[in-house]
Amino acid sequence: MSDVRVRFAPSPTGELHIGGARTALFNWLYAQKTGGKFILRIDDTDRERSSPDHLEAIYRALTWLGLDWDEGPDQPASYGPYVQSERLSIYTEAAQKLLQEGKAYYCFCSVEELAEQKKIVRESGQAPRYRGTCRNLPPAQQEEKKLTCQGHVIRLLTPEEGETVVEDVIRGWVTFDNANLDDLILIRSDGLPTYNFASVVDDSLMKITHVIRAEEHLSNTPRQQFIARQLGFRLPVYAHVPMILAPDHSKLSKRHGATSVQEYKEMGIVPSALLNYLALLGWSPGEDREILPLEEIVQLFSLERITKNPAIYDQQKLTWMNGHYLRTMELEELLQEALPFFQAAGVISANPTEEERLYLQAVLRIMRDRIKVLGEAVEATDYFFREDYAFDPEGVKKQFQQNKETGKILTRVSRVLQGLEAFEETAVHDALAGVAVELEVSQGKVNVPLRLALTGRTRGPELLDILLVLGKDRSVARIEKTLERFDLG
RNA sequence: GGCCCCUUCGUCUAAUCGGUUAGGACACCAGCCUUUCAAGCUGGCAGCAGGGGUUCGAAUCCCCUAGGGGUCACCA
């Protein structure tokens with residue numbers, strides 16, 4: 001057990017999306033690898049956008065992925081509470097301390113004033129920084145303003161000279177000029193802390209040793225370091241992981257298709273595949289391998305091997321990988337993963353009988369090579385669950401209408417199958433071969449129309465497998481029904 | 001716009017201290033297998049952003065340019 005403590009701190013303002021999931025994964029992996037603790041903290045200081053529903057969604061997504069946390073809102077330990085909105089007094093206290101030490105000050109500027117100033121500064125081509133109108137207000141005037149002004153915020157007194165160096169495991173030393181920093185707001189007028197402040201306070205109080213987060217936070221880090229220093233906190237180790245971009249190089253958003261973990265789940269991506277794919281986005285084991293079970297990723301993982309450059313996510317590779325997992329996982333596991341899809345479609349009952357489970361398992365066994373996501377499975381196997389399956393018009397035209405021999409062949413197949421005592425692989429195979437020989441036609445002339453009669457389709461699993469899964473009675477019945485329906489007798 | 005980060009096949013990436021026919025994977029193409037479709041196997045296509053240096057030698061080190069991304073909120 002090491003003293004490594006990492007954290008994933010989402011804000012409940014939306015579904016957990018792929019980028020957040022990867023950040024969570026990297027943190028989790030690092031904790032696993034080092035024997036440290038993975039902490040889930042909820043950064044809900046944005047009152048407007050945070051919602052309980054989103055919080056639930058985040059829990060669900062992380063749980064589904066199997067990224068379990070050692071400490072969090074529902075796993076209280078000595079560093080709680082783990083929800084920022086329940087820690088307000090802690091931030092207020094920290095801010096008061098800075099105020100008393102002269103490291104922060106009250107600012108009474110209104111939002112409108114600020115916007116105006118910003119506009120002017122921007123037009124002059126400068127970086128818009130807060131210029132500190134309220135920086136040096138004498139105490140008396142402060143007290144007066146407190147009474148007369150609408151509201152006030154607490155700002156950090158930030159140095160205008162010198163530079164701040166951020167040490168990042170992935171990027172090395174990054175230097176920022178303090179002149180570009182402004183007096184950022186610590187406590188908003190509604191009394192809630194801002195992200196930068198709350199985050200620093202909590203990371204320190206929660207004894208976070210490594211801050212692993214998205215690169216978009218790199219530019220905020222000098223500010224955060226300064227806050228930490230003013231508060232007398234030790235700095236954590238930073239690791240800013242590259243962003244995940246959409247195929248058009250822009251920031252990933254809804255218009256790029258599925259981006260939330262929930263959506264992937266619904267389309268039938270399995271957790272193992274998503275985790276494997278995500279791990280490879282911005283990290284590589286250093287050897288020529290792509291398929292890596294989680295346990296191995298944990299063993300091979302290191303922050304140093306995380307890439308510097310942003311990655312564009314590739315849906316095709318994800319689905320390829322998912323397909324690979326689908327056809328190599330244990331059949332029982334595949335059944336577990338697939339069950340909800342079939343239940344949702346109403347073809348398997350909510351509490352499946354052993355018979356139903358075995359049947360679905362048999363269907364999955366012969367279909368798994370042909371699907372990439374579980375969402376396709378129901379449609380692809382529909383004829384195993386209903387007798388009124390649709391017939392492919394092209395196939396019907398070619399096999400049933402244009403081919404005059406089909407009726408004779410299928411009739412014969414039906415008779416021969418009916419006559420079988422043991423409806424098993426070799427017997428059925430030999431029976432079909434026998435029909436071809438007997439009628440002096442190629443095996444294809446027998447098999448192609450037979451497949452169409454049994455499934456309504458021209459493509460699918462091995463014919464023999466279909467026959468065996470369907471069983472003798474249903475197979476024969478389907479052939480007979482087809483002969484009748486298309487008037488082939 | 002200021003600041004920061006990044007730049008190897010279309011995409012994800014590998015290449016310990018500079019010396020490789022620049023490797024793998026997805027996608028794509030072809031062949032094999034096969035009564036279908038897949039899967040699988042084999043092979044192919046395809047890359048060091050551009051320009052200067054340093055060096056016997058540079059994808060690798062330095063500089064410049066270009067491009068992409070991030071950030072500059074009383075969002076996180």
Side-chain angles (χ1 to χ4, degrees), chain A residues 9-14 43-46 48-50 107 109-111 114-115 118 122-130 151-155 166 168 170-171 174-177 179-182 184-196 198-199 213-223 240 242-243 245 247 249-251 277 280-291 307-321 323-324 327 367-372 380 395 432 436 442-448 450-452 455 457-464:
Chain A
S11 65
T13 54
D43 285 8
D44 62 344
T45 53
D46 183 348
E48 303 277 296
R49 298 189 300 152
S50 295
C107 173
C109 296
S110 70
V111 179
L114 259 20
K118 192 176 293 178
R122 208 172 203 125
E123 279 166 1
S124 73
Q126 297 281 299
R129 308 176 40 218
Y130 177 68
H152 60 270
V153 300
I154 298 175
R155 282 185 189 271
V166 173
D168 186 284
I170 299 168
R171 288 155 213 287
V174 184
T175 307
F176 294 85
D177 200 333
N180 292 312
L181 269 31
D182 63 354
L184 85 167
I185 292 170
L186 266 20
I187 302 288
R188 306 191 286 226
S189 54
D190 61 2
L192 291 177
T194 54
Y195 163 77
N196 283 302
S199 183
R213 69 202 343 178
E215 195 195 331
E216 57 185 322
H217 295 293
L218 182 57
S219 298
N220 285 322
T221 309
R223 293 170 174 60
H240 288 95
M243 312 271 301
L245 269 27
H249 286 79
S250 69
K251 208 167 175 177
Y277 175 73
L280 258 29
L281 223 47
W283 174 84
S284 87
E287 36 185 307
D288 291 340
R289 294 177 58 208
E290 315 284 326
I291 302 295
T307 333
K308 291 174 168 44
N309 42 322
I312 290 162
Y313 106 108
D314 180 6
Q315 177 102 264
Q316 267 187 318
K317 188 157 181 176
L318 205 211
T319 47
W320 162 76
M321 192 169 273
H324 175 87
R327 54 187 177 265
M367 193 60 86
R368 71 198 308 197
D369 284 357
R370 279 156 260 264
I371 53 173
K372 287 202 187 319
L432 294 182
S442 69
Q443 196 65 53
K445 283 269 189 285
V446 177
N447 294 353
V448 175
L450 177 55
R451 167 189 300 281
L452 186 61
T455 69
R457 309 190 189 196
T458 56
R459 22 201 310 194
E462 299 284 338
L463 181 58
L464 224 42

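Worth saying up front: this structure is predicted, and the values here are computed from it rather than measured. Letters go in sequence order (proteins before strands), and every chain restarts at 1.
- When each of B:A14, B:C6, B:G2 is scored by its nearest atom to the side-chain atoms of A:R171, the top-ranked nucleotide is B:C6.
- Residues satisfying the salt bridge (Lys or Arg N to Asp or Glu O under 4.0 Å) criterion with A:E216, sequence neighbours excluded, are A:K251.
- Across B:A15 and B:C9, the matching C1' atoms stand 15 Å from one another, rounded to whole Å.
- Distances from the side chain of A:H249 to the nucleotides B:G70, B:C74, B:U11 place B:U11 closest.
- Here the C1' atom of nucleotide B:A76 and the CD atom of A:E215 are 16 Å apart, to the nearest Å.
- Across the P atoms, B:U11 and B:A73 are found 33 Å apart, a figure rounded to whole Å.
- Residue A:L218 has its side chain nearest to B:C5 when only B:C5, B:C3, B:G70 are considered.
- Between A:E462 and A:R370, the shortest heavy-atom distance links the atoms N-NH2, 4.2 Å.
- Rounded to an integer number of Å, the gap from A:L245 CG to B:U11 P is 12 Å.
- Distance noted for atom C1' between B:U13 and B:U8: 9 Å (whole Å).
- Residue A:G323 is out of contact with every strand shown, counting any heavy-atom pair closer than 4.0 Å.
- Atom CZ in A:R327 sits roughly 13 Å away from atom C1' in B:C41 (whole-Å rounding).
- Protein atom NZ of A:K308 is 16 Å distant from nucleotide atom C1' of B:G70, rounded to whole Å.
- Taking 4.0 angstrom as the limit, A:S250 places none of its side-chain polar atoms (N or O) nearer than this to OP1 or OP2 of B:G69.
- Looking at residues two or more places apart in sequence or on another chain, you find no salt bridge (Lys or Arg N to Asp or Glu O under 4.0 Å) involving A:E48.
- Between B:U13 and A:T307, a contact under 4.0 Å exists linking OP1 or OP2 to a side-chain N or O.
- Contact annotation for A:R368: no contact, since no heavy-atom pair falls under 4.0 Å across all strands.
- In a base pair of the Watson-Crick type (N1 to N3 plus N6-O4 or O6-N4) or a G-U wobble (N1-O2 and O6-N3), with each distance short of 3.5 Å, B:A66 is matched with B:U7.
- Closest to the A:E216 side chain, of the nucleotides B:U71, B:C12, B:C5, is B:U71.
- Across all strands shown, A:T319 has no heavy atoms under 4.0 Å from either base or sugar-phosphate atoms.
- Rounded to whole Å, atom C1' of B:C72 lies 6 Å from atom CZ of A:R223.
- Backbone-only engagement by A:T175 is indicated by non-hydrogen atom pairs under 4.0 Å involving sugar-phosphate atoms exclusively.
- The backbone N or O of A:N309 sits nowhere less than 3.5 Å from a side-chain atom of A:T307 that would complete a donor-acceptor pair.
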**OP:** Summarise protein proximity over nucleotides 17-37 of chain B in one line of letters, 5' to 3': B for base, S for sugar-phosphate only, - for none, counting protein heavy atoms closer than 4.0 Å.
**Re:** ------BBBBS-------BBB
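- Comparing the same atom, P, in B:A59 and in B:U20 gives a spacing of 9 Å after rounding to whole Å.
- Backbone-only engagement by A:S11 is indicated by non-hydrogen atom pairs under 4.0 Å involving sugar-phosphate atoms exclusively.
- When the ring-ring contact (aromatic ring centres under 6.0 Å, His included) test is applied to A:H152, the partners found at least two apart in sequence or on another chain are A:Y106, A:F108.
- Listed nucleotides B:G70, B:U8, B:A76 differ in distance to A:M243; the shortest reach to its side chain belongs to B:G70.
- Residue contacts for A:T45: at a heavy-atom cut-off of 4.0 Å it reaches the sugar-phosphate backbone alone, with no base atom in range.
- Rounded to whole angstrom, the span from the CG atom of A:D168 across to the C1' atom of B:G70 amounts to 14 Å.
- In this structure, A:R213 places its CZ atom 17 Å from P of B:G70, rounding to the nearest Å.
- For B:U8, one of the phosphate oxygens OP1 or OP2 lies less than 4.0 angstrom from a side-chain nitrogen or oxygen of A:N309.
- In this structure, A:L281 and A:Y313 approach most closely via the heavy-atom pair CD2-CB, 3.9 Å.
- Counting non-hydrogen atoms under 4.0 angstrom, A:V174 reaches the backbone sugars and phosphates but no base.
- In terms of modelled atom types and a separation under 3.5 Å, the side chain of A:Y277 and the main chain of A:T319 share no donor-acceptor contact.
- Pairing for B:C28 goes to B:G44, judged as Watson-Crick or G-U wobble with the two contacts each under 3.5 Å.
- Considering only residues two or more places apart in sequence or on other chains, A:R213 meets the side chain to side chain contact (heavy atoms under 4.5 Å, CB included) condition with A:R7, A:Y195, A:S199, A:V211, A:H217, A:T221, A:Q224, A:Y238, A:H240.
- Residues meeting the salt bridge (Lys or Arg N to Asp or Glu O under 4.0 Å) test with A:R49, sequence neighbours left out: A:D46.
- Along RNA chain B, the nucleotide nearest to A:G282 and the one nearest to A:I371 differ in position, and the one closer to the 5' end is contacted by A:G282.
- Taking 3.5 Å as the limit, the base of B:C3 and the side chain of A:S219 contain no donor-acceptor pair of atoms between them.
- For A:K308 (side chain) and A:P242 (main-chain N/O), no donor-acceptor pair under 3.5 Å exists by modelled atom type.
- For A:H240 and B:A76, the NE2 to P distance is 16 Å, given to the nearest whole Å.
- If you check B:G1 for Watson-Crick or wobble pairing at under 3.5 angstrom, you find it paired to B:C72.
- B:G19 and B:U42: their C1' atoms are spaced 32 Å apart (whole Å).
- Residue A:K445 is out of contact with every strand shown, counting any heavy-atom pair closer than 4.0 Å.
- Nucleotide B:A15: unpaired (no Watson-Crick or G-U wobble partner with both distances less than 3.5 Å).
- Residue-to-nucleotide proximity on RNA chain B shows that, of A:I187 and A:Y277, the 5′-proximal contact is made by A:Y277.
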